[in-house]
Amino acid sequence: STITADHRQEERMIQQGRLLTSDAKIKTVLAGVRRIALCGASDRPDRPSHQVMAALLHWGYEVVPVNPRLAGANILGQPVVGQLADIDGPVDMVDLFINSARVGALVDEALVLGQPLIWMQQGVIDEAAAKRAVTAGCPVVMDRCPKIDIPMLGVQTPTSVIQSEL
């Protein structure tokens with residue numbers, strides 16, 4: 001049946017380490033992240049994407065907000081770009097804080113640009129896009145939130161690394 005075949009394929013992706021589901025693998029990946037493209041960034045403080053961006057900046061991450069509607073503006077002091085291709089230099093992670101129906105196109109754009117990690121926020125799920133990414137060799141985290149996972153998993157953030165070196 002299709003469900004069984006899809007489940008087997010998902011299990012293979014997990015075994016290959018590209019669909020990251022274990023806390024240990026997610027912690028390891030997050031430990032190497034310094035620069036994040038946040039797709040769906042909002043300038044409204046009441047929006048979860050704004051709150052996550054604020055937390056990431058507080059922890060010392062460099063966050064590049066991506067939102068075509070707000071391109072050229074600033075969110076939390078960071079200049080907004082309209083699309084991933086507009087980002088100067090590489091990023092370590094593309095955080096998708098968008099409606100699941102829009103994920104596929106952004107994952108495809110990220111893959112064309114050679115982005116190293118796709119993170120789909122809590123509640124953002126697109127199995128087909130995840131499958132395309134892992135098939136292309138790009139690790140995916142799906143339906144999780146770095147604002148929750150970073151403190152829960154005890155990830156050394158850029159700020160905590162700097163403080164420990166002082």
Side-chain angles (χ1 to χ4, degrees), residues 18-20 25-126 129-130 132-134 136-165:
R18 293 188 208 131
L19 183 60
L20 306 177
K25 284 186 179 185
I26 290 171
K27 180 179 180 178
T28 299
V29 167
L30 282 172
V33 169
R34 295 293 176 264
R35 190 167 193 235
I36 301 167
L38 184 70
C39 298
S42 176
D43 57 351
R44 292 179 33 205
D46 62 316
R47 302 291 300 172
S49 63
H50 188 92
Q51 296 160 12
V52 168
M53 182 176 167
L56 293 170
L57 289 168
H58 175 77
W59 290 328
Y61 293 95
E62 182 182 349
V63 181
V64 180
V66 180
N67 186 322
R69 187 179 53 79
L70 299 172
N74 283 296
I75 299 175
L76 296 168
Q78 306 304 306
V80 181
V81 298
Q83 60 185 356
L84 290 172
D86 296 336
I87 298 173
D88 287 331
V91 297
D92 302 311
M93 179 172 99
V94 176
D95 187 357
L96 301 179
F97 222 124
I98 57 174
N99 184 296
S100 295
R102 295 180 44 225
V103 166
L106 275 169
V107 166
D108 293 341
E109 182 183 355
L111 293 175
V112 166
L113 296 170
Q115 301 298 354
L117 172 65
I118 305 290
W119 186 293
M120 297 183 206
Q121 276 295 143
Q122 200 167 29
V124 178
I125 299 169
D126 185 330
R132 287 195 305 277
V134 298
C138 179
V140 174
V141 176
M142 189 163 44
D143 195 24
R144 296 196 56 157
C145 179
K147 183 180 176 219
I148 295 169
D149 284 337
I150 289 167
M152 180 184 77
L153 300 174
V155 174
Q156 288 285 310
T157 65
T159 301
S160 63
V161 169
I162 290 167
Q163 290 173 346
S164 71
E165 292 173 353

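For the pair Ile87/Arg35, a side-chain contact is recorded, criterion being any heavy-atom separation below 4.5 Å from C-beta on. Contact of the Leu117 side chain with the Asp92 side chain is not registered, since no non-hydrogen atoms from C-beta on lie closer than 4.5 Å. Looking at Met120 and Val140, their side chains come closer than 4.5 Å, going by heavy atoms from C-beta outward. The shortest side-chain heavy-atom distance between Asp95 and Pro146 falls under the 4.5 Å cut-off. Put simply, the side chain of Lys25 does not reach to within 4.5 Å of the side chain of Thr28, judged on heavy atoms. The shortest distance between side-chain heavy atoms of Ser42 and Phe97 does not fall below 4.5 Å.
Residue Leu84 comes nearest to Cys39 through the heavy atom pair CD2-SG, 3.7 Å, listed as atom of the first residue, atom of the second, then distance. When all heavy atoms are compared, the tightest approach of Asp46 to Gln51 is O-NE2, 3.4 Å. For the residue pair Val103 and Ala129, the shortest heavy atom distance occurs at CG1-CB, 4.0 Å. Closest approach of Leu30 to Met93, counting heavy atoms only: CD2-SD, 4.4 Å. Scanning both residues, His50 and Pro45, for their nearest heavy atoms gives CD2-CA, 3.3 Å. Closest non-hydrogen pair, Leu70 versus Val80, comes out as O-CB, 3.4 Å.
Rounding to the nearest 0.5 Å gives a distance of 4.0 Å between CZ of Arg132 and CG of Asp108. Note that the NZ atom of Lys147 and the CE atom of Met53 stand 14.0 Å from one another [nearest 0.5 Å]. Summarising the geometry, atom CG belonging to Leu56 is positioned 7.0 Å from atom CG belonging to Leu38; distances are rounded to the nearest 0.5 Å. The distance from atom CD of Glu62 to atom CD of Gln78, rounded to the nearest 0.5 Å, is 7.0 Å.
Applying the salt bridge (charged side-chain N to carboxylate O under 4.0 Å, His left out) criterion to Asp149, with sequence neighbours excluded, gives Arg144.
Partner of Pro65 under the side-chain contact (heavy atoms from CB on, under 4.5 Å) criterion, out of Ile75, Asn74, Asp43: Ile75 alone.
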Audit row: Leu153, Ile26, side-chain contact (heavy atoms from CB on, under 4.5 Å) steps and yes/no: CA-CA 9 Å; Leu153 300 174; Ile26 290 171; 3.9 Å; yes
Test log, rule side-chain contact (heavy atoms from CB on, under 4.5 Å), inputs Thr157 and His58: CA-CA 10 Å; Thr157 65; His58 175 77; over 6 Å; no
Audit row: Ile150, Tyr61, side-chain contact (heavy atoms from CB on, under 4.5 Å) steps and yes/no: CA-CA 12 Å; Ile150 289 167; Tyr61 293 95; 3.6 Å; yes
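With hydrogens and angles ignored, the 3.5 Å screen pairs a side-chain donor or acceptor of Thr159 with a backbone N or O of Trp59. Between the side chain of Ser100 and the backbone N or O of Asp126 there is no donor-acceptor pair closer than 3.5 Å.
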